Each structure stands twice: as C-alpha cells, then as structure tokens.
Amino acid sequence: MQVMRAFAIFCCVAVISAFNAMSAEAEPMLVVEDEASGTVTTFEEADLLALPQISFKTSTIWTDGLREFSGPSLMSVLEQAGVGPGEITLTAINDYSVIIRRDAINDEAPIVALRKNGAPFGVRDKGPLWIVYPYDSTPEFQSEAIYAYSVWQLNRIKVAEGN
C-alpha cells in the first residue's frame, strides 16, 4: 500500500512539474515582426497593460448591445515594438489576416482590446485580443474596410519592408 501511495505521489509531482514547464514556455499574447529591421517583439498581457489604456463603449456587428472595450491603441503597440514604415498585416489565431492601411490607424483607434466590460475575454468570445474601433462614434468606423480590420483572436502583426 505504501509503495502505491509513493508511486501516486511521484506521478502527481511529475504531472505538476510538466505542467509548470509547459506554462513557462507558453506563447506570448502578441508577436510583432518588423521585416525591415528583422526584429521580433513579443507582448505578454502585462506588457500590453503597461501601455496607456483607452476605453470606450460601443456596439459591434458581432455582439448584442453596448460593450466596453479597453486596451492600448494599435499605434502605441507598434511604437513600443519600434516598427518602421511598411505594410501592416494583422493575423488571427486561425490565420485570418488582413492588411490594414496606415491611415486607418491613429493615436485613439483602433485599440488592441484585451478587456471587455472590464474583464479578460477568451478565444470563444473573440479574444484574448481583438482590434476594435469605437464604431458608434462616427460613420467613418462603420465601413466594410473597418469591419475587415477588426481582427478578433489577434496574435500576430507583421510590418513588411517598404515605405
């Protein structure tokens, strides 16, 4: 009986150790690659939360009613990563990608939302990162192009070499 108990404890310790090792090697929330400089910048949740946060309430074509979204502006994420000029591609976990025009980005919008109604949100709820505009604030943010830029489950940004 003691041998079985010792074996069970050993197995539990081994599983916990393996889990801790796996979580230590977890992928970052967001990877930003700048082809021109060859740099890759990774962002964990704490890194994104350390940037200035923007918060607004808006409805979306994908959700019911008003929701409050908060997170850093996409511009501040790009600036923190030190990327240069070039074509910006936003890519989701499922490999959906879109090229976003530079003139569709400013200091206030879009944001890389990592909080919805004040709480983190998961993959099943279009998270943990979602490019969100304040759609209700102006008709400019209610276009097919802006909706296409609103990548949910965002995990990669690539800035191509160029002008």
Side-chain angles (χ1 to χ4, degrees), residues 23 25-163:
S23 64
E25 298 172 14
E27 291 190 26
M29 285 187 90
L30 182 62
V31 175
V32 179
E33 178 185 354
D34 184 3
E35 285 186 340
S37 67
T39 60
V40 175
T41 306
T42 59
F43 291 88
E44 300 295 335
E45 182 178 33
D47 301 323
L48 294 170
L49 288 170
L51 295 172
Q53 302 293 294
I54 296 172
S55 179
F56 51 77
K57 288 184 179 180
T58 190
S59 61
T60 80
I61 62 173
W62 307 278
T63 58
D64 294 326
L66 285 176
R67 300 280 190 263
E68 180 181 23
F69 294 94
S70 61
S73 70
L74 176 57
M75 181 75 75
S76 69
V77 171
L78 295 173
E79 288 172 353
Q80 183 69 28
V83 300
E87 186 176 83
I88 301 167
T89 303
L90 306 173
T91 304
I93 292 169
N94 68 357
D95 290 328
Y96 169 82
S97 66
V98 65
I99 297 168
I100 188 169
R101 296 184 332 262
R102 287 271 180 171
D103 66 355
I105 302 170
N106 63 48
D107 291 333
E108 299 296 319
I111 65 169
V112 179
L114 67 157
R115 296 289 186 267
K116 184 171 19 169
N117 295 329
F121 55 107
V123 171
R124 289 182 175 216
D125 200 20
K126 300 182 176 29
L129 300 177
W130 184 357
I131 297 292
V132 180
Y133 285 84
Y135 307 104
D136 296 340
S137 68
T138 176
E140 172 189 349
F141 293 147
Q142 298 169 10
S143 70
E144 288 301 317
I146 294 298
Y147 295 145
Y149 299 152
S150 302
V151 176
W152 59 73
Q153 299 173 342
L154 176 75
N155 71 340
R156 291 180 313 244
I157 299 173
K158 185 176 186 178
V159 180
E161 264 187 276
N163 51 0

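Note that this is a predicted model, so its numbers are computed, not measured.
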message: Between Phe43 and Val112, does the side-chain contact (heavy atoms from CB on, under 4.5 Å) criterion hold? Intermediate values first, please.
response: CA-CA 12 Å; Phe43 291 88; Val112 179; over 6 Å; no

query: Going through the distances and angles, do Arg67 and Thr60 end up as a side-chain contact (heavy atoms from CB on, under 4.5 Å)?
result: CA-CA 8 Å; Arg67 300 280 190 263; Thr60 80; 5.8 Å; no

message: Set out, in order, the CA-CA distance, both residues' side-chain angles and the distance that settles side-chain contact (heavy atoms from CB on, under 4.5 Å) for Val40 and Val31, then state yes or no.
response: CA-CA 7 Å; Val40 175; Val31 175; 3.5 Å; yes

message: Assess the residue pair Ile105 and Leu78 against the criterion (side-chain contact (heavy atoms from CB on, under 4.5 Å)); give the C-alpha distance rounded to whole Å, side-chain angles, the decisive distance to 0.1 Å, and a yes or no.
response: CA-CA 10 Å; Ile105 302 170; Leu78 295 173; 4.3 Å; yes

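Among residues at least two apart or in separate chains, side chain to side chain donor-acceptor pair (under 3.5 Å) pairs with a member in residues 72-83 are Ser73-Ser76.
Ile100 places a side-chain heavy atom less than 4.5 Å from the side chain of Leu74. Annotation: side chain of Arg156 is not in contact with side chain of Val151 (no heavy-atom distance under 4.5 Å).
Of all heavy-atom pairs between Ser97 and Thr91, the closest is CB-OG1, 3.5 Å. What you find for Gly84 and Arg102 is that their closest heavy atoms are O-NH2, 2.7 Å. The two atoms that bring Pro85 and Val159 nearest to each other are O-CG1, 4.0 Å, heavy atoms only. Across all their heavy atoms, Val32 and Ala81 have their closest contact at CG1-CB, 3.7 Å. Considering all non-hydrogen atoms of both residues, Met29 and Pro128 come closest at CE-CB, 3.5 Å.
Taking a 6.0 Å sphere around NZ of Lys126, one finds it holds more than 12 heavy atoms contributed by other residues, nucleotides or ligands. Heavy atoms of other residues, nucleotides or ligands lying less than 6.0 angstrom from CG of Asn94 number more than 12.
Taken from CD1 in Ile131 to CG in Leu129, the straight-line distance is 8.0 Å, to the nearest 0.5 Å.
Using cut-offs of 30° and 60° on the angle between ring planes, the pair Tyr149 and Tyr133 is tilted. Relative orientation of the Tyr135 and Trp62 rings is perpendicular, given thresholds of 30° and 60° on the angle between their planes.
Side-chain atoms of Ser143 come within 3.5 Å of backbone N or O of Ile146 as a donor-acceptor pair. Remark: the backbone N or O of Asp136 is paired with a side-chain donor or acceptor of Thr58 at under 3.5 angstrom. Although no hydrogens or angles enter the test, the distance criterion places a donor-acceptor pair under 3.5 Å between the side chain of Gln53 and the main chain of Leu48. Panel note: side chain Asp47, backbone Glu44; a donor-acceptor pair is recorded below 3.5 Å. Between the side chain of Gln153 and the backbone N or O of Val123 there is at least one donor-acceptor pair closer than 3.5 Å.
When the salt bridge (charged side-chain N to carboxylate O under 4.0 Å, His left out) test is applied to Glu45, the partners found at least two apart in sequence or on another chain are Arg115.
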